[in-house]
Amino acid sequence: MAEIVAERLGKRFDGGARPVEALTDFTLKVRQGEFCCLVGPSGCGKTTFLRILARLETPSGGTLEVRVPDPTRPATAVVFQETSIFPWMTVIENAAFGLEARGVPRKERERRVLPLLRKVGLGEFTDAYPHQLSGGMKQRVSIARAFVTEPQILLMDEPFAALDAQNRTLMQDELVALWEEQRTTVVFITHSLEEALLLGDRVVAMTARPGRVKQVVDVPFPRPRNTRSVRASETYGRLVVDLWNILEEEVMRARAGEQGI
Amino acid sequence: MKGRERLLSILSPLLLIAAWELTVRLGLVDGRFIAAPSLILVALWNMSVSGELARDVGVSLWRIAAGFAIGVVPAVLLGLWMGLSRSVRAVFDPLIAAVYPIPKIAILPLLMVFFGIGESSKIAVVAISAFFPVVINTYTGVANVDRVYLDVAQSFGASRALVFRRVVFPGALPVIFAGIRLALGVCLIVIVSAEFVAARSGIGFLIWSSWEMLLIDKMFVGLLVIAVIGTLLTIGLREIQRRAIPWRNE
């Protein structure tokens, strides 16, 4: 369980022809054990924030405090956007990579990974290579790889973006079930307002680049959450529209920015 | 349909050989320059029995194997080092770019100055020919490992040694193998050319000396054998690749 406090966080990329301001004055607090979803137009800096949390980038301004109480467990683990599992490793090797990186011996790795792989329906595929798997199965491996390290913060960057709608629904249900057993702090990035409302405790809507927090929406659906009844509820439909009202202007601005207007 | 296609693809070379035999027998082409397939087979038999063929094939294979090993191993090591370090790449890249375009057979005389007219110069020219495609492919392979895999490794806190062993090296392996396949083809060309001009043994020598003495049937045996060797080496390499890179379904 952990807590994240970002105060006026900024990130500039100076590499290109002209510097890009990805994040400015990004202030957000994520409570411990919270499932926090970030939505916003393309290029608004959601992924940049996540990469800063994963320590793949360093912020160029502001402060970030990540309170992780348990020094024996990794602070973060990331489920990446595209298929990020290694093509040259079998399913079980892939899922155990995070443990391997932490120096866990092979026997112990297998003992911890196998039950989780069975739980996500990959028990029969432990020795398969990724090219033999469907897109959904690959993302399950990626999720297992992150979960098995028992991170104190789980970072997910549009993990279901490449899946078709039906598989996406299935994976969302599985994730809700898996998460409700552990209640790890989660930062979850998505383009889908529906997905954010189904999964999250709070939804953070961001502005167009440079990204700031525009508005935070509390999600009223109870836990343990039944995604079916959420989808069927009137509140859900209204919240999707509310969120869109908040975001539409930003998406239009981002689009204008892309066209160089 | 499939059976019929297979039949056709077996028949077409047989028909070609029959037509070849016939044109020579009927005197439509000059038998002094084009040997009939039947005579080539007879020569193949005689040379196998006398041990002449085994000697030349053995010598050429030895030169290829020794040169290949001497060329490929340092090429992979240097390529990995260049792929991992920008400064190392900055040092070697211009050198490689300058030497790579020279046809390696062109430096055979120079190598003979250094290594003498014995086996060493032949092995050296094979080694140098194998070196370049492999070193270039290795560092390109390492440098082009998908960024996301490095992010994954870093995000899980993998050590540099683990990143290399589990991510960079296997990620580059398919490209390294492509370089090795390329090198093998180049080596076959180079060894035959070297043996044409600067050897008293080997398949290249067999082909060239047979031509000079107008022993056309023996020359054709040499061509046949080099084709078979090339095919077998390619198949062997593909098999090694299939085992070394089991995640690729080609």
Side-chain angles (χ1 to χ4, degrees), chain A residues 47-48 50-58 73-91 93-104 106 109 127-133 138 141-143 145-151 153-159 162, chain B residues 76 79-80 83-87 89-90 134 137-181 237-250:
Chain A
T47 297
T48 303
L50 193 105
R51 289 177 63 88
I52 292 172
L53 285 175
R55 283 189 268 178
L56 293 171
E57 308 278 358
T58 45
R73 288 160 56 197
T76 58
V78 189
V79 178
F80 286 89
Q81 183 172 8
E82 57 260 77
T83 43
S84 66
I85 59 172
F86 305 114
W88 48 87
M89 293 186 199
T90 60
V91 165
E93 287 177 298
N94 260 299
F97 180 78
L99 298 177
E100 191 177 356
R102 292 179 67 76
V104 178
R106 176 187 293 270
R109 297 203 292 264
D127 293 324
Y129 281 102
H131 72 82
Q132 297 163 295
L133 306 179
K138 285 181 197 166
V141 177
S142 182
I143 290 169
R145 177 171 69 186
F147 262 92
V148 78
T149 63
E150 297 180 1
I153 303 170
L154 188 62
L155 306 170
M156 305 184 85
D157 188 2
E158 300 195 47
Chain B
V76 170
L80 292 174
L84 293 174
S85 157
R86 280 169 178 276
S87 357
R89 197 197 298 203
V134 176
N137 269 49
T138 303
Y139 81 68
T140 320
V142 170
N144 287 338
V145 169
D146 201 329
R147 182 75 234 169
V148 71
Y149 299 132
L150 301 176
D151 281 349
V152 170
Q154 198 191 333
S155 74
F156 282 110
S159 67
R160 278 182 65 93
L162 189 74
V163 173
F164 176 77
R165 192 165 57 80
R166 295 293 266 155
V167 181
V168 172
F169 185 68
L173 206 51
V175 189
I176 296 176
F177 256 100
I180 291 177
R181 277 212 312 266
L237 201 57
R238 197 178 297 152
E239 188 58 24
I240 294 173
Q241 183 173 4
R242 207 175 56 80
R243 279 156 203 258
I245 314 177
W247 61 88
R248 275 285 178 96
N249 57 335
E250 283 173 305

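So you know, we letter chains A, B, ... as the sequences are listed, proteins then strands, and number each from 1. Because only heavy atoms are used, hydrogens play no part in the values below, and waters and symmetry mates are left out as well, while side chains stay in. Model, not experiment: these values are computed from the prediction.
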Visitor: Nearest 0.5 angstrom please: B/L162 CG to A/R102 CZ, how far?
Guide: 13.0 Å

Visitor: What orientation do B/Y149 and A/F86 show, parallel under 30°, tilted 30 to 60°, or perpendicular over 60°?
Guide: tilted

Visitor: Do you know which two heavy atoms are closest between A/F80 and B/S155, and how far apart they sit?
Guide: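 Nearest pair, atom of A/F80 first, then B/S155: CE1-OG, 3.8 Å.
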
Visitor: Is it the side chain or the backbone of B/R147 that comes within 4.5 Å of chain A heavy atoms, both, or neither?
Guide: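 Nothing of B/R147, per the 4.5 Å heavy-atom cut-off to chain A.
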
Visitor: Using side-chain heavy atoms (C-beta onward) and a distance below 4.5 Å, is A/R51 in contact with B/D151?
Guide: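 Yes - at least one pair of side-chain heavy atoms lies under 4.5 Å apart.
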
Visitor: Quick one: what part of A/P87 sits under 4.5 Å from any heavy atom of chain B, side chain, backbone, both or neither?
Guide: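 Both the backbone and the side chain of A/P87 come within 4.5 Å of chain B.
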
Visitor: Mind ranking A/G103, A/A146, A/A101, A/A128 by heavy-atom pairs under 4.5 Å with chain B and telling me who comes out on top?
Guide: A/A101

Visitor: For A/M89 and B/R166, which heavy atoms make the closest approach, and how far apart are they?
Guide: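 Scanning both residues completely, I find the closest heavy atoms to be CE-O, 3.5 Å.
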
Visitor: Which heavy atom of B/Q154 sits nearest a heavy atom of A/R55, and at what distance?
Guide: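 Smallest heavy-atom distance, with atoms named: NE2-O, 3.7 Å.
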
Visitor: A/R145, A/E93, A/Q132: which one forms the most heavy-atom pairs within less than 4.5 Å of chain B?
Guide: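 Heavy-atom pairs under 4.5 Å are most numerous for A/R145.
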
Visitor: Taking the side chain as everything from C-beta on, heavy atoms only, tell me whether B/V167 gets closer than 4.5 Å to A/W88.
Guide: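 The answer is yes, as the side chains (C-beta and beyond) meet within the 4.5 Å cut-off.
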
Visitor: Name the member of A/T149, A/I85, A/L56, A/V78 that forms the most heavy-atom pairs with chain B at distances under 4.5 Å.
Guide: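 The answer is A/L56.
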
Visitor: As an exercise, state the distance from CZ of B/F156 to CG of A/L99, rounded to the nearest 0.5 Å.
Guide: 8.5 Å

